[in-house]
Every structure is written in structure tokens, then in C-alpha cells.
There are 2 protein chains.
Amino acid sequence: MRHPSVTYSDRTFQALADPTRRAVLDLLRRGSQPAGEIAGAFPVSRPAISKHLRLLRRAHLVHEHREGRHRVYQLNPEPLRAIDTWLEQYRSFWKMSLTNLKTFVETEYAKETTQPRAAKPNTKTSKGDR
Amino acid sequence: MRHPSVTYSDRTFQALADPTRRAVLDLLRRGSQPAGEIAGAFPVSRPAISKHLRLLRRAHLVHEHREGRHRVYQLNPEPLRAIDTWLEQYRSFWKMSLTNLKTFVETEYAKETTQPRAAKPNTKTSKGDR
DNA sequence: ATAATGTGTAACCGTACAGTTACGTGATTA
DNA sequence: TAATCACGTAACTGTACGGTTACACATTAT
């Protein structure tokens, strides 16, 4: 079950989880398109794409506006900034050499692991606070 | 139904779709930890976390090694590079001002929309293959 | 008015989570 | 050896997708 409160970037991450939806975004980078034309670019049925578009809308990754009987979809890259921000915290990690990472990790966890016994972390105490 | 072939970064995006799993990664940035201690940091049951860890493992976002009766999990930021690469293509978009984006989009789609009739994209031709 | 287009939605099916409790298993401790 | 610890896994439940077909609805075109 999903958590009761679904955050903003939650929807974003969730929307990006599907390869078809990412492909739709990739497509829209080339310019806005009506739903039907987007659907034409994929090997699935039009309603399937329609539902993908609904999720992308829900995540604010696309904007839609009517144009005659078309519904034109436009990329909105704004929510991707949140992803970028999240990733930012990890950049330093993959810039570290693996050896450095290993060292860092070892020193960090050293206090819990070096002593065979006394270090048994009391798992339960820290459980209530989140 | 999932596509037959699930790509590498597919697993990654999918693993990141869940807020708990992202939180686990955030936790591991501070240093490796055994499964139980990770579980202690969340309001869900230990088996639930165990399953999250399985997905993270499947996405290669964490490494696991046994240490006595503990299983220590370590962050592996490597797969996140793929996400970063994907995002890279969108950076230019959110750096553009909205007006510029609008202009770009309009000129791009102009050929299909400016002529009322003749431009009707033949959606069906590419659709027949499914 | 009627027909055709372009889209979204409803209803239905199968699968993959996310969570739970109960249980199995290897490593430590008594 | 027996008890305990730290996990993973199995079995089960509910929900959200991802896909399909059938249909409703609004907007042109005849």
C-alpha cells in the first residue's frame, strides 16, 4: 500500500519508472504533439498511451492544451529538477574512486563492526521515530 | 505486463520509484549498515525492508556481504550514473526560460499545426504493427 | 443533422509490488 | 547440543499498473 501522503517528487519518480513514459518524454523533447501522434509512435494501443499521459499529467511532467479536436501535450521539465537535486547528493559518491568509497564506508561503520560483541546495535530503540 | 526485455536502467528507475527505497539509499550514504539496523529506521516490518533490499540488490544499487550473522548493505552509486545521463538531456530544457521553450515548441510543431487540413498526420500507418 | 475524427474513460484481466504474519536457516552464544 | 539472533522467504491480501476492447463525448467536416 502506498503511503497516505505522496510527495511531489514521489509522483515524478513513479512516473519515470515506466520505460514507455520515459520514451514519451523523450519524444516530447523534440516538440509538442497531440495524443494520437504520440500514440502512433508506440507499439501499444492508443488508450494505453492515454493512461500513460494521465500519469505524466498527474506528475506535472507534461502540460496539455486543447487545439481544435486535438489535445496537444507539451513537455514540462520542471519536476525533473527535483530528481536532479536528489541525484546531486550522490554525485560525490560516484566521483569517489571505489577504494576511497570503501575506506569511507569502513571507517564509518567501524565502530559497530570492529568489536565482535559489544557493538550489537539495539535495533528497536531507533524504530519509533519515523 | 512488463516488456520482455527489461533494461539495466529500467531496474534502476523502478527501484527509485518507491520512497522507502530512496530513503534506504539516503541512509546508506552515511555508511554501510546491516539489514536489521536499516529496518530499525523505518516504521514498517523487517520483512518489508528485506524485500526492498532485494529490489535494490536486483538494481545493483546496493552490495551485500555477510559479516558473521549480519548482512551488511553498502551503497553502490554506479547505476545512478545512468539516471544522471538520462537527465542530462533535459537540463537544457529547464535552463531555458519558459518563453524560449514555448517558442521552440511552437516552431517545432508548426509544420503540423499551421496548415488546417493537409497536415493531418497519418497515425494509422505506423500503428498497424501491433 | 449526420458522419467522421481525436481522445478520454469504463470494464476487465494479469502481474508486480508493499505490507503483514509465520516459518526456515545459518551463525553465535550458553 | 540447545537457545538465540539476524536474516531471508513463503504465503496471503489489497492496490496500482499496463494492456486490451468497447464506448462516450466533443469538435470538425459533409
Side-chain angles (χ1 to χ4, degrees), chain A residues 1-4 6 10-11 13-24 32-40 42-59 62 64-73 112-113 115-124 127, chain B residues 1-4 6 10-11 13-24 33-40 42-59 62 64-73 112-113 115-124 127 130:
Chain A
M1 197 212 291
R2 293 254 166 271
H3 256 51
V6 177
D10 228 341
R11 301 274 198 196
F13 274 110
Q14 210 181 318
L16 295 181
D18 186 85
T20 303
R21 282 193 292 269
R22 291 199 301 278
V24 167
S32 302
Q33 287 187 16
E37 203 162 346
I38 297 172
F42 295 91
V44 294
S45 72
R46 195 188 46 67
I49 297 297
S50 189
K51 294 211 283 186
H52 282 306
L53 288 171
R54 176 158 62 193
L55 292 205
L56 289 171
R57 248 185 285 132
R58 202 178 64 180
V62 298
E64 174 237 335
H65 74 273
R66 290 153 144 97
E67 204 159 299
R69 49 189 173 188
H70 295 82
R71 290 182 186 216
V72 178
Y73 283 88
E112 266 97 20
T113 50
Q115 308 95 312
R117 264 201 102 206
K120 189 194 72 146
N122 52 344
T123 310
K124 292 309 154 194
K127 193 174 187 178
Chain B
M1 194 214 294
R2 292 257 167 273
H3 257 53
V6 178
D10 229 340
R11 301 273 198 198
F13 274 110
Q14 209 180 318
L16 295 181
D18 186 86
T20 303
R21 282 193 292 269
R22 291 198 302 277
V24 168
Q33 287 188 17
E37 203 162 344
I38 296 171
F42 296 91
V44 294
S45 71
R46 195 186 48 65
I49 297 298
S50 191
K51 295 210 283 184
H52 282 306
L53 289 172
R54 177 160 58 191
L55 292 205
L56 289 172
R57 248 184 286 130
R58 202 178 64 180
V62 297
E64 174 236 336
H65 73 272
R66 290 155 144 96
E67 204 159 299
R69 48 187 174 188
H70 295 82
R71 292 186 185 210
V72 179
Y73 282 89
E112 265 96 19
T113 50
Q115 308 95 312
R117 269 200 98 204
K120 192 195 70 155
N122 51 343
T123 311
K124 293 305 157 196
K127 200 177 184 176
R130 78 140 270 291

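Given the structure is predicted, the values throughout are model-derived calculations rather than measurements. The chains referred to below are lettered A, B, ... by the order of the sequence lines, with proteins before strands, and numbering in each begins at 1.
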Please tabulate, one pair per line, each protein N/O and nucleotide N/O from nucleotides 23-28 of chain D that are separated by under 3.5 Å, including the distance.
none

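For D:dC7, neither phosphate oxygen OP1 nor OP2 lies less than 4.0 angstrom from any side-chain nitrogen or oxygen of B:Ser50. Note on A:Tyr73: every side-chain N or O is 4.0 Å or more away from OP1 and OP2 of C:dG6. Listed pair A:Arg54 / C:dT9 meets the phosphate criterion, a side-chain N or O lying under 4.0 Å from OP1 or OP2. When the side-chain nitrogen and oxygen atoms of B:Gln14 are compared with OP1 and OP2 of C:dA16, none of them lie within a distance under 4.0 Å. Dashed line: the shortest gap from a side-chain N or O of A:Ser45 to OP1 or OP2 of D:dT20 is under 4.0 Å.
In the set D:dC7, C:dG6, D:dG18, the nucleotide with an atom closest to the side chain of A:His52 is D:dG18. In this structure, the nucleotide among D:dG19, C:dT20, C:dT7 sitting nearest to the side chain of B:Ala48 is C:dT20. The side chain of B:Thr20 has C:dG19 as its nearest neighbour among C:dG19, D:dT20, C:dA18.
For the pair B:Arg57 CZ and C:dC17 P, the interatomic distance rounds to 14 Å; values are reported in whole Å. At whole-Å resolution of the value, NZ in B:Lys51 and C1' in C:dA16 are 10 Å apart. One interatomic measurement links the two molecules: NE2 of A:His70 to P of C:dG6, which rounds to 5 Å at whole-angstrom precision. If you take CG of B:Asp10 and P of D:dG18, they are 11 Å apart, rounded to a whole angstrom.
Taking every heavy atom of both residues into account, B:Ala17 and A:Gln14 meet most closely at CB-CA, 4.2 Å.
Positionally, the nearest nucleotide of DNA chain C for B:Arg58 lies more toward the 5' end than for the other of B:Pro47 and B:Arg58. Residues A:Ile49 and B:Leu53 each lie close to DNA chain D; by heavy-atom proximity, the contact nearer the 5' end of the strand is made by B:Leu53.
Backbone-only engagement by A:Ala35 is indicated by non-hydrogen atom pairs under 4.0 Å involving sugar-phosphate atoms exclusively.
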